[in-house]
A.B. asks: 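I'd like to ask some things about the structure below.
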Amino acid sequence: MKNIFNTGVFTLIILMALASCKKEEKLNANLNIIDKNIIDKTARDLWLENNYLIPYNIETKYRFDRFELDNGKNITPPDESQVIPMMETVRDVWIKPFEKIGGADFIKRISPKQFVLAGSAAYNQDGSITLGTAEGGRKIVLYVVNTFDKTNLASVKQAIQVIQHEYTHILNQTVDYQTDFQTISKGGYMGNWLLGTLAEARALGFITQYARAAPEEDYAEMSSNMLMMGRVAYNAAVSTAPADAQVKLKKKEQYVVDYFKSAFNIDFYALQTEVQNALYNISTPVLAKLIGPGIGYTTMYSNPGKDANQSAEFADLWKTAATNMTGAGFSLQDVKMTFKAAGTMTLTYSFTRGTTVFFADADYTIKIDAAGVATLALVTPQPTTTTYGNMTFVATQMAGVNNYFKNNKFKIDWINTIIPGNIGGLGSLGAFYKQTDPKSYFYGVMGQ
């Protein structure tokens, strides 16, 4: 044992001596090609660093790395010219609204720490495609970057909805959503959600087909769709579902609203408005295309006697009508248009005598052309119920106003250039501009 030990020591001493005499040489390797995400930063890398890494500690990885993606899928690398347009949109439509409503530090506190960009979608064996994934609340993979168009509203909505959906999962991992949410549509979930249609999903109280995949996907679909559709479009979609499904969808909506408030002190509807305002910077909503049941707005309300900004022509006609009604023993109150069926509008005046309120109705057909010009025509014959009889009763007093609607064509548009304010949401102001004289118009509050 002693001899073996001495031999080992002798060998070790020789090796140490050889090592100490070895000449040092430079490593013959190009480290620059090992990780281009760290070395040789381009102007694009610096932009991502200044807009994501420094303010939010979020890395954006766009150079193709197979280990970041599903190894079983053929996925195209991202076009590098698409990186900044995509991430500018992510910043403006996702981050900024959360910062404004949730506070400047909200995204800094709760966010994925890495975006990975892929050029194409990931195609799945069941026929579906993957547009985005979230991993452990730390990484979001965004696909189809190569076909993204920041000037196209549909393209922007598709990309940001993926993030809103995945971010909801991240929020739910931070604070769990209400456990009884899954009981609202119990029995409606299905493993292969592709087997059902959107109409079937809506009839069961799901906002999308994918919402049927699992309760957590249902929750994320509710949150993301409410944000990206906006309140007007969401309500319009819900209104087309059967009554029991509408109850379920509204109940799910309330769960989401309550969750954002209790878990993060975020007013969800305010957040929804900010997201829509960001989308309006990409494409202004066209009011003429948002009128009708199942489409968008279903009412337009005005109190011309108190609305200071009514056009001079319409204000004078209303004042004359109010004087006439006073002479007949009534007090004229307000007017409302109700778009209750496709191609039909009901015009309603309200007036009082003492504490009694009366309503006078008249049905019109309404045809809106591609340019947003509406033609109104009085329906003949009118219904014979009490409110329609009341319109006949006050026809003489209201003749000037009635003729204004019957005898003109109107360009339907927002009035924010005259009365500053938000557009596209509930409570926004819309107007019927006289086609032959844009200075003559009737405006009101758009509602549902």
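The model shown is predicted, which means the values in this text are computed figures rather than measured ones.
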A.B. asks: Would Tyr255 and Tyr177 count as a close aromatic pair, with their ring centres under 6.0 Å?
C.D. replies: no

A.B. asks: For Lys340, check salt bridge (charged side-chain N to carboxylate O under 4.0 Å, His left out) against everything at least two apart and list the hits.
C.D. replies: Asp363

A.B. asks: Under a 3.5 Å cutoff, is there a donor and acceptor pairing between the side chains of Gln178 and Tyr219?
C.D. replies: yes

A.B. asks: So does Asp218 pair up with Arg212, basic N to acidic O under 4.0 Å?
C.D. replies: no

A.B. asks: Could I get the full list of ring pair (Phe, Tyr, Trp, His ring centres under 6.0 Å) partners for Tyr388, not counting sequence neighbours?
C.D. replies: none

A.B. asks: Phe405: what forms a ring pair (Phe, Tyr, Trp, His ring centres under 6.0 Å) with it, not counting sequence neighbours?
C.D. replies: Phe314, Phe442

A.B. asks: Start with the C-alpha gap between Gln333 and Ser331, add the side-chain angles, then the distance that decides, and say whether side-chain hydrogen bond (donor to acceptor under 3.5 Å, both in side chains) holds.
C.D. replies: CA-CA 6 Å; Gln333 299 297 311; Ser331 177; 3.0 Å; yes

A.B. asks: Give a yes or no answer on whether the side chain of Thr89 reaches the backbone of Pro85 with a donor-acceptor pair at less than 3.5 Å.
C.D. replies: yes

A.B. asks: Spell out, as yes or no, whether a donor-acceptor pair under 3.5 Å connects the side chain of Gln114 to the backbone of Glu59.
C.D. replies: no

A.B. asks: Do the rings of His165 and Tyr210 sit parallel, tilted or perpendicular, given the 30° and 60° boundaries?
C.D. replies: tilted

A.B. asks: Decide yes or no on side-chain hydrogen bond (donor to acceptor under 3.5 Å, both in side chains) for Asn422 and Ser428, but give the supporting numbers first.
C.D. replies: CA-CA 6 Å; Asn422 289 334; Ser428 295; over 6 Å; no

A.B. asks: Determine whether a donor-acceptor pair (N or O, by modelled atom type, separation under 3.5 Å) exists between the side chain of Asp180 and the backbone of Thr183.
C.D. replies: no

A.B. asks: For the residue pair Lys367 / Thr365, report whether a side-chain donor-acceptor contact shorter than 3.5 Å exists.
C.D. replies: no

A.B. asks: Please enumerate all residues that pass ring pair (Phe, Tyr, Trp, His ring centres under 6.0 Å) together with Phe358, with sequence neighbours excluded.
C.D. replies: Phe330, Phe351

A.B. asks: Go through the steps for Phe359 and Tyr349 under the test ring-ring contact (aromatic ring centres under 6.0 Å, His included), then give the verdict.
C.D. replies: CA-CA 6 Å; Phe359 298 97; Tyr349 303 127; over 10 Å; no

A.B. asks: For Lys250, which residues count as a salt bridge (charged side-chain N to carboxylate O under 4.0 Å, His left out) partner, sequence neighbours excluded?
C.D. replies: Glu253

A.B. asks: In terms of ring plane angle, is the pair Phe339 and Phe432 parallel, tilted or perpendicular, where the classes change at 30° and 60°?
C.D. replies: parallel

A.B. asks: In chain order, what residues pass the salt bridge (charged side-chain N to carboxylate O under 4.0 Å, His left out) check against Asp307, with sequence neighbours excluded?
C.D. replies: none

A.B. asks: List the residues meeting side-chain hydrogen bond (donor to acceptor under 3.5 Å, both in side chains) with Thr168, not counting sequence neighbours, and say none if there are none.
C.D. replies: Ser223

A.B. asks: Just wondering, more than 12 heavy atoms not from Tyr189 lying within 6.0 Å of its OH?
C.D. replies: yes

A.B. asks: As a quick check of understanding, evaluate side-chain hydrogen bond (donor to acceptor under 3.5 Å, both in side chains) for Gln448 and Thr298, giving each step before the final call.
C.D. replies: CA-CA 5 Å; Gln448 290 181 309; Thr298 56; 6.0 Å; no

A.B. asks: Testing Lys251, Lys248, Lys252 for side-chain hydrogen bond (donor to acceptor under 3.5 Å, both in side chains) with Ser185, which one passes?
C.D. replies: Lys252

A.B. asks: Under the side-chain hydrogen bond (donor to acceptor under 3.5 Å, both in side chains) rule, what pairs show up with a residue in residues 429-440, not counting sequence neighbours?
C.D. replies: Glu313-Lys434, Glu313-Ser440, Tyr404-Ser440

A.B. asks: Looking at Thr240 and Gly294, would you say the former's side chain and the latter's main chain have a donor-acceptor pair under 3.5 Å?
C.D. replies: no

A.B. asks: Taking only residues two or more places apart in sequence, or in another chain, which ones meet Gln310 in a side-chain hydrogen bond (donor to acceptor under 3.5 Å, both in side chains)?
C.D. replies: Ser302

A.B. asks: Write out all pairs satisfying side-chain hydrogen bond (donor to acceptor under 3.5 Å, both in side chains) with one or both partners inside residues 258-267, taking only residues at least two apart or from two chains.
C.D. replies: Asn172-Tyr259, Gln254-Asp258, Lys261-Asn265

A.B. asks: Taking only residues two or more places apart in sequence or in another chain, which ones pass salt bridge (charged side-chain N to carboxylate O under 4.0 Å, His left out) with Lys96?
C.D. replies: Glu99

A.B. asks: For this output row, return yes or no: ring centroids of Phe115 and Tyr62 closer than 6.0 angstrom.
C.D. replies: no

A.B. asks: State, yes or no, whether a side-chain contact exists between Asn57 and Lys108 at a heavy-atom distance under 4.5 Å.
C.D. replies: no

A.B. asks: Can you list every pair that meets salt bridge (Lys or Arg N to Asp or Glu O under 4.0 Å) and has a residue in residues 142-161, with sequence neighbours left out?
C.D. replies: Glu88-Lys150

A.B. asks: Between Glu200 and Thr197, is there a donor-acceptor pair closer than 3.5 Å when you use the side chain of the first and the backbone of the second?
C.D. replies: yes

